[in-house]
Amino acid sequence: MKAPKRSDAASATTAGAGKARARPRGRPRSFDRETALEKALLAFWEHGYEATSVSDLTRVMDIGAPSLYSAFGDKRSLFEEVVRVYGTRYGSFAERALAEEPTARAAVERTLREAATAYTEPGHPHGCLVVHAAANCSNPEVEQSLRDRRNANIAAFESRIRADVAAGVLPPATDAAALARHAGAMIQGMSQQARDGASREELEAVAEIALSIWPRTGTHTG
């Protein structure tokens, strides 16, 4: 006696189950880490550390929260990496000027002029991430880290100014600390002015006035 035939519905159900078992499991979505990091950088640069949430980051980076944590750690770790990348890719002009220019005045002049260009350049947020990201920041570690970076720039200017005083390029009575802090204040102020809509030409005019207060000695013109 022949076995009874299964119904068409039962056969379809069994076949479907077999296909489901055979279907490979989905793999985690892959993404380009550098592209995602750049998107995070622009988000932090535009909105600051405090105002940029994890959900904002996953949206602009186009990844899920598990992928973000796996690839970058928590929000603070991601921000620390962003700041390092920013320093190399966008914010290294002061360091280069100090390394390449013959005097402190020349280094500050170049820094201010390049800041006027960098802070107003199209294609990314205006101003400086290290200055703007600290606004309204309630994380003391992040706030201190950004403060240390800004103070390190001022200290580098001061060290170069003191070297010029010792070499006779600047007068012996030059207040190196105050002059360096003046340069830092101009850079930070130009950042905010750029965010408020100042043009490159307007910031270059500010830089010109800032340089006019620099003391000179002998034939050294910086």
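Atoms considered below: every heavy atom in the structure, side chains included; atoms not considered: hydrogens, waters and symmetry mates. Computed from a predicted model, the values in this text were never measured in an experiment. Residue indices begin at 1 and follow the sequence shown.
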Notebook entry, point to check: Roughly how far, to the nearest 0.5 Å, is the OH atom of Tyr119 from the CE atom of Met190?
Noted result: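 Those atoms lie 7.5 Å apart.
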
Margin query: Working to the nearest 0.5 angstrom, can you tell me the gap between His182 NE2 and Ile187 CD1?
Written below: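 Reported value, rounded in 0.5 Å steps: 10.5 Å.
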
Check: Would you say the side chains of Ser77 and Asp74 form a donor-acceptor pair under 3.5 Å?
Finding: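 Present: a donor and an acceptor within the cut-off.
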
Notebook entry, point to check: Is there a donor-acceptor contact under 3.5 Å linking the side chains of Gln192 and Asp196?
Noted result: yes

Should [X] and [Y] count as an ion pair when the cut-off is N to O under 4.0 Å?
X      : Y      : result
Glu208 : Arg113 : yes
Glu101 : Arg96  : no
Arg76  : Glu81  : no

Transitive ILVMFWY side-chain link [X] to [Y], under 4.5 Å:
X      : Y      : answer
Met61  : Leu129 : yes
Leu57  : Tyr49  : yes
Leu37  : Val142 : yes
Val83  : Phe72  : yes
Val131 : Ile154 : no

Margin query: Trp45 vs His132, test: ring pair (Phe, Tyr, Trp, His ring centres under 6.0 Å). Steps then yes/no.
Written below: CA-CA 7 Å; Trp45 194 349; His132 177 62; 9.7 Å; no

Do [X] and [Y] have side chains that approach each other closer than 4.5 Å (heavy atoms only, starting at C-beta)?
X      : Y      : result
Tyr90  : Cys128 : no
Leu146 : Cys137 : no
His124 : Glu46  : no
Ile63  : Tyr69  : no
Val206 : Gln193 : no
Asp62  : Thr35  : no

Checking [X] side chain against [Y] main chain: does a donor-acceptor pair fall under 3.5 Å?
X      : Y      : value
Thr111 : Ala107 : yes
Asp164 : Ala104 : yes
Thr120 : Ala116 : yes
Glu202 : Ser199 : yes
Arg150 : Val130 : yes
Arg110 : Phe93  : no

Note to self: Within the supplied structure, the quantity of interest is the number of heavy atoms (other residues, nucleotides, ligands) at a distance under 6.0 Å from Asn136 CG; does it exceed 12?
What the structure shows: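 Not more than 12 within 6.0 Å, no.
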
Check: So with a 6.0 Å cut-off around CZ of Arg195, is the heavy-atom count from everything else above 12?
Finding: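 Atom CZ in Arg195 is packed in, count exceeds 12.
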
Margin query: With side chain to side chain contact (heavy atoms under 4.5 Å, CB included) as the criterion, how do Thr117 and Glu114 come out once you've worked through the C-alpha distance, each side chain's angles and the decisive distance to 0.1 Å?
Written below: CA-CA 5 Å; Thr117 299; Glu114 292 192 10; 5.6 Å; no

Notebook entry, point to check: Do you know the tightest heavy-atom contact between Ile209 and Ser212?
Noted result: O-OG, 2.5 Å

Next item on the list: Return the orientation label for the Phe44 and Phe79 ring planes: parallel under 30°, perpendicular over 60°, tilted otherwise.
Entry: perpendicular

